[in-house]
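Residue numbering restarts at 1 for every chain, and letters A, B, ... go by the order of the sequence lines.
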Number of protein chains: 2
Amino acid sequence: MNMQTRTPASSPADNGYGFSDRIQRQLEHAAHLCAGQGGRMTPQRRDVLGLILTATTPVGAYDLLEQLKTSGRKPAPPTVYRALDFLLEHGLIHRIERLSAFVPCTHLQHDHPHDHSHGPAETCLHSAQFLICRSCGGVTEIADAPRVLDVLKSICGKKNFTMQSASVEVEGVCEDCAPATRGQKGPAPAPN
Amino acid sequence: MNMQTRTPASSPADNGYGFSDRIQRQLEHAAHLCAGQGGRMTPQRRDVLGLILTATTPVGAYDLLEQLKTSGRKPAPPTVYRALDFLLEHGLIHRIERLSAFVPCTHLQHDHPHDHSHGPAETCLHSAQFLICRSCGGVTEIADAPRVLDVLKSICGKKNFTMQSASVEVEGVCEDCAPATRGQKGPAPAPN
DNA sequence: GAACTAATGTAATATTATTACATATCATTG
DNA sequence: CAATGATATGTAATAATATTACATTAGTTC
């Protein structure tokens with residue numbers, strides 16, 4: 001890819017959000033993952049994913065819509081929802097049901113230089129487990145999740161239920177926001 | 001005032017739905033539970049709970065609204081949402097996040113003659129675990145749930161996260177629906 | 001029964017999501 | 001290159017879900 005004279009004409013807003021280097025790397029990674037599954041990481045999708053990666057809390061579809069409007073284009077809801085659908089199908093983001101909002105899939109967050117093993121459908125099962133803080137709004141994906149998933153799998157097995165996707169959402173108060181237990185730090189500034 | 005003086009004027013729709021004996025018993029049970037917590041099981045709330053108990057699949061707020069309209073009153077959304085909030089707070093129903101719909105809490109379903117130990121906030125933690133069938137729309141509360149909850153509790157403990165409520169929702173195809181879709185249409189590979 | 005609290009009625013609006021159809025872009029290949 | 005077919009996006013309208021704010025009614029307590 002040569003990018004000497006000009007940025008791609010079709011994506012003037014592509015970097016218009018000033019995505020950090022780290023996020024640009026994650027976007028690059030995501031693009032490779034998509035390509036591996038025959039998906040195309042278009043500028044729209046890239047922008048949406050970039051905004052989700054940039055946010056420190058889950059982002060709603062209409063939040064995204066507003067942010068996209070500030071950068072030249074004036075997208076309508078379907079534009080955003082289609083991008084979100086694409087990103088969900090490719091395992092790049094998750095939907096937090098309780099918030100009607102979206103977060104990146106963690107395997108984008110932790111820079112894996114060349115770990116492509118975390119496919120979308122097969123290995124990931126498109127399931128996720130989250131801790132949602134009511135105080136700061138932060139959401140943490142549970143690392144310990146395989147244990148939860150194993151229990152669920154075993155239950156489904158017993159009941160002959162074919163699991164296609166699963167979501168586990170715990171709402172409460174995160175460590176940083178809990179005032180009573182220790183010296184109060186106040187609501188946490190930024191999770192993750 | 002004694003309860004003996006039935007209020008026929010204010011609750012003509014009370015039994016207007018022809019709730020079965022079984023459901024009337026469940027409603028009675030629910031009323032006692034509420035009373036024990038200082039809650040009042042009003043006709044509106046009773047009707048809403050009865051409709052949810054009657055349905056075989058999760059019911060949406062506007063479904064309830066429509067059904068309530070057929071029985072004399074013409075409630076508006078807040079009426080239904082307030083009843084739902086009350087029932088949720090008293091642990092009588094659960095919200096299925098993925099469906100934006102409501103189901104009875106199982107402890108109303110299985111007739112316990114005198115089991116009032118299943119309090120709403122403390123013992124129940126207002127958490128629930130469900131299997132949601134994409135084919136028939138049926139929802140099953142997982143009986144085996146304590147195991148799931150225990151794992152979650154242990155994770156939250158490690159992270160100093162105070163759990164206030166949790167939802168576990170598994171989507172897929174239930175046993176009864178699996179044979180019908182066994183060929184290519186099955187839930188086999190791609191999530192789409 | 002006056003005063004207070006809880007519950008409901010009512011109108012308007014907010015938020016989240018989808019449908020249907022038109023247009024544009026891309027990736028070929030004839 | 002032009003024709004093609006699939007993929008992606010634009011656009012307008014609307015559906016589905018949920019909340020706000022304020023008025024009214026019902027129940028309880030003193």
How does protein contact run along nucleotides 10-18 of chain D, one letter per nucleotide 5' to 3', with B for base contact, S for sugar-phosphate only, - for none, heavy atoms under 4.0 Å? BBB----BB
Using whole Å, what does the distance between atom C1' of nucleotide D:dG5 and atom CZ of A:R40 come to? 13 Å
Salt bridge (charged side-chain N to carboxylate O under 4.0 Å, His left out) filter on A:K74, not counting sequence neighbours, yields none
Side-chain hydrophobic cluster, 4.5 Å single linkage: members besides B:I96: B:L99, B:V103, B:F130, B:I132, B:V139
Provide, to the nearest angstrom, the distance between the CG atom belonging to B:D47 and the P atom belonging to C:dG9. 11 Å
Taken to the nearest whole Å, NE2/A:H90 to P/D:dT7 is 12 Å
Is A:T42 close enough to D:dT7 that one of its side-chain N or O atoms is under 4.0 Å from OP1 or OP2 there? no
Starting the side chain at C-beta, find the nucleotide from D:dA8, C:dT8, D:dG27 nearest to A:R45. D:dA8
Salt bridge (Lys or Arg N to Asp or Glu O under 4.0 Å): which pairs involve residues 26-45 of chain B, sequence neighbours left out? none
In short, B:Y62 meets B:P77 closest at the heavy-atom pair OH-CG, 3.4 Å
In whole angstroms, how far is the C1' atom of D:dA6 from the CZ atom of A:F86? 15 Å
Interatomic distance, A:R46 CZ vs D:dT9 P [rounded to whole Å]: 14 Å
A:M41 CE to D:dT9 P, in whole Å, measures 11 Å
For the pair made of CG in B:L65 and P in C:dG9, what is the distance, rounded to whole Å? 11 Å
Do any pairs count as a salt bridge (Lys or Arg N to Asp or Glu O under 4.0 Å) and have a residue in residues 130-139 of chain A, sequence neighbours left out, and if so which ones? A:R134-A:E171
Residues which pass salt bridge (charged side-chain N to carboxylate O under 4.0 Å, His left out) with A:K159, listed by chain and number, not counting sequence neighbours: none
Round to the nearest Å and state the distance from A:E66 atom CD to C:dT15 atom P. 10 Å
